[in-house]
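Lettering of chains follows the sequences in order, A, B, ..., and the numbering in each one begins at 1.
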2 protein chains.
Amino acid sequence: MTSAGNKTGSSVDRVYDRLKRMAADFELKPDERINESALSSLLGASRTPLREALNRLVAEGFLTFKNGRGFFCRSLSPGRILDLYEARQAIECEALQRSVSRASDAEIQAVMAFLDETEPSYNTIDVAMSLLEMDEAFHMKLVALSKNAELVRLLSNINGRIRYVRLVDLKMLRGKTLPSRNKGAKLSAHRVILNALAARDEVAAVTAMREHIERRREEATEAVRIAYSQLYVPAD
Amino acid sequence: MTSAGNKTGSSVDRVYDRLKRMAADFELKPDERINESALSSLLGASRTPLREALNRLVAEGFLTFKNGRGFFCRSLSPGRILDLYEARQAIECEALQRSVSRASDAEIQAVMAFLDETEPSYNTIDVAMSLLEMDEAFHMKLVALSKNAELVRLLSNINGRIRYVRLVDLKMLRGKTLPSRNKGAKLSAHRVILNALAARDEVAAVTAMREHIERRREEATEAVRIAYSQLYVPAD
DNA sequence: GCATATATTGCTGTATACAATTCTGAATAT
DNA sequence: ATATTCAGAATTGTATACAGCAATATATGC
């Protein structure tokens, strides 16, 4: 969320990126205490930079910390997921409202082009991860149209924290709704939102966005359950 | 934002709280590099816990960090303030919408009672700081009614980051609008919002909230300028 | 056999040391 | 006068050491 590409390879940043991934992918099991010595030797850095990275992740909501006990990976209860999806709604809808008056036609067209380019591969791509990345990229581009760096920052953070659940969510979605996804037949939710924005129709855009996220949120609780079951019964 | 009362007095928490205050109050001048050794001796802790606290504050958006160069206090440009106020709108409005269906009458009444208790002293209290604390407390209580821990967390973070500007803002407000603040004459913005919530009128509540924050936001840019002038020309 | 007290072990919390990097400023060349 | 280079100083980045706390295992009394 804070750092993107670190060519210098500062130890803290390296560890931070890696840890965030581990936390997002539930490689660190929820509510399990993190052993600093073990982790530091695993990641090839000493405890000092490791702890600095851990502190960042606590501040960002990925981990928790109990004084004298150490760091823990944060558990994702259905309640928390719901909270995060609501926060996401708040942020994305606000951004969309601002974009109506702030985004230029050209900028909107650029996102449209991104959609044109990526959406066809929704059906061909098999790796759910790539699918998730495209989905996230779309939402990030959309929020960026608001020209509000803080909203971008917040969405980026939330995305990171619900990544694993969304991954499971998307997998489920694929299994269930693939047939109805014939191109041309019905516009994708993303397309509907973007079209409304291009038409400068604030109400329609926000309504579509709310519904889009709402639908995902409804599936999310189910996704959490599945995520947990996958956690403790590794797929064969 | 993360830690509230630390009786154990872990060094990093102590330093963290203190630093956050310093950053919020612009005791650390914007864009100025933070000297770790100097700070550590000033705060009476070694560099290790200091840097852990600094890293937390970077993740929370209070500071920035450049690899190999160190930590910097984040500058508050008018643009950034605007961003933060917009984020605040997003969060508080979303929370309010959820509260309409989630907050019990009793809970709303409790906030009402808080308002009854604190509002009269708006005119008597002279210390702007206390005023700000009451204002923040009200908004936090309001958001808490949404039962969404993430929204609470986000508002708490934003409040911390715009505290100094709001302080200046409130001071200005006092100077200008004190006469029109006769109790009974007109309902306070807070009261209007809460009444709408009590009546379960979502549209009215959200509208009032948007306007309330919007008005503050408009003053904010002005407040930033004043804040900066106060920064570099200490009041005599 | 159970509960309480006590030792043991492992881990966290912090300080300190040292290596690596960046900054400063003066001396030199253009 | 301006730009450049190159030590020296200052500051950051990381490793390591050790003190102190927490959890667990062991022993003791009942």
Side-chain angles (χ1 to χ4, degrees), chain A residues 1-20 22-23 27-60 62-75, chain B residues 1-20 22-23 27-60 62-75:
Chain A
M1 167 179 187
T2 305
S3 59
N6 308 299
K7 33 194 94 183
T8 105
S10 144
S11 213
V12 177
D13 288 333
R14 214 169 25 80
V15 168
Y16 167 83
D17 287 336
R18 178 78 194 281
L19 276 181
K20 192 159 74 171
M22 290 174 73
E27 225 172 299
L28 305 170
K29 299 254 191 330
D31 284 329
E32 197 172 272
R33 189 169 78 174
I34 291 169
N35 186 320
E36 295 174 14
S37 313
L39 240 189
S40 72
S41 65
L42 174 68
L43 301 185
S46 80
R47 277 181 58 218
T48 308
L50 169 63
R51 282 181 59 109
E52 291 188 10
L54 288 169
N55 271 289
R56 281 201 219 171
L57 291 167
V58 168
E60 286 172 11
F62 287 88
L63 309 175
T64 60
F65 171 75
K66 284 177 196 164
N67 217 316
R69 310 254 343 269
F71 297 87
F72 298 80
C73 190
R74 187 162 214 166
S75 62
Chain B
M1 170 177 188
T2 306
S3 60
N6 308 299
K7 29 196 104 188
T8 106
S10 144
S11 210
V12 49
D13 286 333
R14 214 166 25 78
V15 168
Y16 167 83
D17 287 336
R18 179 79 195 282
L19 275 181
K20 193 160 73 171
M22 290 174 74
E27 222 172 303
L28 305 170
K29 299 256 189 324
D31 285 329
E32 199 172 86
R33 188 171 78 178
I34 292 169
N35 187 321
E36 296 174 13
S37 312
L39 240 191
S40 73
S41 65
L42 174 68
L43 301 185
S46 81
R47 278 180 57 217
T48 309
L50 170 64
R51 282 181 60 109
E52 290 188 10
L54 287 170
N55 270 291
R56 280 202 221 172
L57 291 167
V58 168
E60 286 172 9
F62 286 88
L63 309 175
T64 61
F65 171 75
K66 285 175 195 164
N67 218 312
R69 312 250 346 263
F71 296 87
F72 299 80
C73 189
R74 185 163 217 166
S75 62

side-chain N/O B:Asn35 vs D:dA10 OP1/OP2, d < 4.0 Å:
no

Expressed as a whole number of angstroms, how long is the span from B:Ile34:CD1 to D:dT11:P?
14 Å

Just the rounded figure in Å: distance from P of D:dT11 to CZ of B:Arg51.
14 Å

What residues, two or more places apart in sequence or in another chain, satisfy ring-ring contact (aromatic ring centres under 6.0 Å, His included) together with B:Phe65?
B:Phe71

Taken in chain and number order and not counting sequence neighbours, the residues that satisfy side chain to side chain contact (heavy atoms under 4.5 Å, CB included) with B:Arg47 are B:Glu36, B:Ser37, B:Ser40, B:Arg51

Could you give the CD-to-P distance, from B:Glu52 to D:dT14, as a whole number of Å?
14 Å

Just checking A:Phe71: base, sugar-phosphate only, or nothing, at a heavy-atom cut-off of under 4.0 Å?
nothing

Atom pairs, N/O to N/O, protein against nucleotides 22-25 of chain C, distance under 3.5 Å?
residue: C:dC23; atom: OP1; partner: B:Arg69; partner atom: NE; Å: 2.2
residue: C:dC23; atom: OP1; partner: B:Arg69; partner atom: NH2; Å: 3.3

Side chain to side chain donor-acceptor pair (under 3.5 Å) partners of B:Ser11, counting only residues at least two apart
B:Arg14

DNA chain C contacts made by residues 41-50 of chain B, counting heavy atoms under 4.0 Å
B:Ala45, B:Ser46, B:Thr48, B:Pro49

Using side chain to side chain contact (heavy atoms under 4.5 Å, CB included) as the criterion, list what pairs up with A:Thr64, not counting sequence neighbours.
A:Phe72, A:Arg74

Out of B:Arg56, B:Glu60, B:Glu52, which residue meets the side chain to side chain donor-acceptor pair (under 3.5 Å) rule with B:Tyr16?
B:Glu60

State, to the nearest 10°, the angle formed by the axis through the first five base pairs of the helix from C:dG1-D:dC30 to C:dT30-D:dA1 and the axis through its last five.
10°

